[in-house]
Amino acid sequence: MCETCGCSNHHEHHEHDNSRTIAVEQDILQRNNLLAERNRGYFESKNIFCLNLMSSPGSGKTTLLEATIRQLKDKRKIYVIEGDQQTANDSERIAALDIPVFQINTGDGCHLEASAVHHAVLHLNPSERSLLFIENVGNLICPAMFDLGEALKVVVISPTEGEDKPLKYPHIFHEANVCVINKTDLTPYLNVSIQQLHENCLKVNPQLRLFEVSALQAATLDEWCNWLMTFQPNQA
Amino acid sequence: MHELSIAISIVELAEQQARNSNAAHIEEVELEIGALAGVDAASLAFALESSVKNTLLENAQIVWHHIHGEGCCMDCNNVFPMKSTFFSCPACGSYVVKIVKGKEMRVKSITVNN
């Protein structure tokens with residue numbers, strides 16, 4: 001019996017008259033990409049500056065967010081979407097600063113997708129001209145592939161991860177618009193060259209805008225915070 | 001790990017197309033996966049095996065088209081094969097390179113049967 005159609009033809013190969021080929025020619029992630037564009041259109045219409053923060057676990061995304069919020073919360077309305085596999089620990093840290101926050105727990109998921117951000121935005125209802133930070137799941141591989149509708153992608157890296165990290169995980173550095181090198185205060189204790197790390201970032205992505213900060217030292221955040229305040233999302 | 005999300009997206013996309021054509025089965029799915037798309041083809045194939053269960057794709061043959069990476073140097077306009085996302089121009093050494101081929105991740109066609 002033919003395994004394909006169950007007919008009684010015993011020959012090895014025969015044509016099935018009802019078969020037809022449909023040209024699809026569509027991006028596999030088009031559903032996510034469409035939802036991301038929907039998010040992006042919403043942000044643009046309300047002049048919301050949305051940034052997607054990505055990094056390995058432990059690079060200091062949440063601490064950088066806390067320090068940034070402390071500097072900017074009196075100047076601009078700020079909202080945060082937190083992505084983690086489990087726990088509400090990060091959203092509790094943000095909420096302690098009186099910032100509206102929505103926690104997404106991805107369970108077994110390794111990255112955020114546009115649909116989850118859409119859901120979070122409906123809950124947060126961010127106001128016009130606000131700053132919206134999305135802290136992605138700590139992972140240096142998967143989040144690079146999924147557009148969330150952000151204006152810019154920011155990759156955070158710390159010198160403890162090694163100066164060759166951008167060369168070992170090039171995709172995320174290639175997709176990012178901005179790179180924040182965090183924990184620069186640790187360099188006296190490490191055998192790592194910040195300059196080499198800086199150069200490796202630019203080898204993977206010569207257009208990358210770089211900031212060097214220590215989230216624990218407020219004065220080092222001035223350039224980053226000034227840039228956040230002056231950037232016009234609708235001219236991205 | 002993201003290959004599972006991609007596999008599920010392939011199933012959703014192909015099933016939607018099949019339903020639009022009132023097809024009962026999908027016999028074949030043609031995929032185009034670029035070498036610089038950030039997808040591990042072996043992991044994706046493995047994820048697809050699980051994702052197609054109890055769907056219109058359950059018995060579909062997957063036809064793979066692997067697309068090689070190609071870069072264009074923004075400094076000297078040299079076009080050259082790219083094996084990874086991080087690759088300098090072999091002619092002038094510049095890292096200012098635009099990827100012109102290899103980021104594809106597409107469902108090219110499906111073959112359906114009533």
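Every chain is numbered from 1 and lettered A, B, ... according to where its sequence line falls, protein lines coming before strand lines. Predicted model, so just to flag it, every value in this text is computed and none were measured.
If you measure heavy-atom distances from A:Phe146 to chain B, the contacts under 4.5 Å come from the side chain alone. Contact annotation for B:Ile33: only side-chain heavy atoms (C-beta onward) come within less than 4.5 Å of a heavy atom of chain A. B:Lys103 touches chain A through its side chain: at least one heavy atom from C-beta onward sits under 4.5 Å away, while N, CA, C and O do not. Contacts of B:Ile10 with chain A are made by both backbone and side-chain atoms, with heavy-atom separations under 4.5 Å. Residue B:Ala18: no heavy atom, backbone or side chain, is found under 4.5 Å from chain A. Looking at B:Gln16, neither its backbone nor its side chain comes within 4.5 Å of chain A, counting heavy atoms on both sides.
For the atom pair NZ (B:Lys108) and CD (A:Glu25), the distance works out to 4.5 Å, reported to the nearest 0.5 Å.
Scanning both residues, B:Ser21 and A:Ile22, for their nearest heavy atoms gives OG-CD1, 3.0 Å. Residues B:His2 and A:Cys110 come closest through the heavy atom pair N-SG, 3.8 Å. Closest approach of A:Val24 and B:Ile110 over heavy atoms only: CG2-N, 3.8 Å. Heavy atoms only, all atoms of each residue included: A:Ala23 and B:Ser109 are closest at CA-CB, 4.2 Å.
Heavy atoms from other residues, nucleotides or ligands lying under 6.0 Å from CZ of A:Arg93 number more than 12. Crowding of A:Asn191 atom CG: a count of heavy atoms from other residues, nucleotides or ligands under 6.0 Å not exceeding 12. For B:His66, the NE2 atom sits in a packed shell: over 12 heavy atoms of surrounding residues, nucleotides or ligands are nearer than 6.0 Å.
None of A:Leu167, A:Asn200, A:Asn205 except one satisfies the side-chain contact (heavy atoms from CB on, under 4.5 Å) rule with B:Phe86; the exception is A:Leu167.
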field: Criterion side chain to side chain contact (heavy atoms under 4.5 Å, CB included) on B:Ser5 and A:Met145, from CA distance to verdict
entry: CA-CA 11 Å; B:Ser5 293; A:Met145 296 199 68; over 6 Å; no
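Note on B:Ile26, B:Leu31, B:Leu36, B:Asn59: by heavy-atom pairs under 4.5 Å with chain A, the leading option is B:Leu36. Your options are A:Asn32, A:Ile28, A:Val204, and the one with the most heavy-atom pairs under 4.5 Å with chain B is A:Ile28. Between chain B and the residues A:His171, A:His174, A:Gln207, A:Lys203, the most heavy-atom pairs under 4.5 angstrom are made by A:Lys203.
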